[in-house]
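I have placed the structure first, in the form of structure tokens, so that the comments after it can refer back to it.
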Amino acid sequence: MAAATVLLVEDEPHLRELLRVYLEAEGFRVIEAADGPGGLESARGSAPDLVILDLMLPGMDGRDVCRRLRETSRVPVIMLTARSDEVDRVVGLELGADDYVTKPFSPRELMARVRAVLRRVEDRAAASEDGATRLAFTDFALDRRSRELLVRGSAIPCPPKEFELLWMLAAHPRRVFTREELLNLVWGYDHFGDLRTVDVHIRRLREKIERDPAVPRLLKTVWGVGYKFEEELGS
Ligand code: CA
């Protein structure tokens, strides 16, 4: 696999240099930019696999760079923020950043975040390229091409996000997904919605496919973690 390219947008030369050394040691190709407009230009021109974006930048701050970038690109972004308060965190994520690291941070911590974000993106690509077009179980079947949900032989209307959520779970029996994972996989990285969105959709799906929605035998809650699909055959 070709080396992934990381665009590093940071105005502080020593920090930029330090991070470049770490990133190159991890095997990444590194492109640098020292201000907002330069970062945006590089992001558009060189199609990086990931962007590390400082929040406080001359010219155009990281918020604006991230917002402008999101208009045309879903490239993963890790924000470097100066303060640990919740405001920066929320602002960073609301802009569509995938993760954030608060200064001061250790380069090792940032490298771990970079690897984690890239892995998530790969997982997501693999999940959406899953070759299967039809999943069939005792009580229901999903057809991805016709977007049809059949429950015990009858076609049941199923909105796109519910369909995707059910597909994601049913395509990976017994695998436990966290709510956050499901939000990322089904709603996308641009969506930093309420985790309860997942719960609401699970409830609607249970009403459609479970024989008794109050005692789910297919879409199981894993307490304190999230959800899994498991075909528990009736006794
Ligand atoms: Ca800065």
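Start at 1 and go down the list; that is how both ligands and their atoms are numbered. Quick note: numbers below take in every heavy atom, side chains included, and nothing from hydrogens, waters or symmetry partners. Nothing fancy with the numbering, it's 1 onward along the sequence.
Not a single N, O or S atom of Glu10, from either the backbone or the side chain, sits less than 3.0 Å from the Ca ion (ligand 1). Residue Glu12: no N/O/S atom is found under 3.0 Å from the Ca ion (ligand 1).
Neither side chain, Arg144 nor Thr133, offers a donor N or O lying under 3.5 Å from an acceptor on the other.
Summarising the local packing, CZ of Arg113 is surrounded by more than 12 heavy atoms from other residues, nucleotides or ligands at distances under 6.0 Å.
Within the 4.5 Å cutoff, the side chain of Arg217 has no heavy atoms near those of the Arg211 side chain.
Using a 4.0 Å cut-off between charged nitrogen and carboxylate oxygen, Arg20 and Glu17 count as a salt-bridge pair.
For the pair O of Met56 and OD1 of Asp11, the angle whose vertex sits at the Ca ion (ligand 1) is 90° to 10 degrees.
The closest approach of Asp54 to the Ca ion (ligand 1), by N/O/S atoms, is made by OD2.
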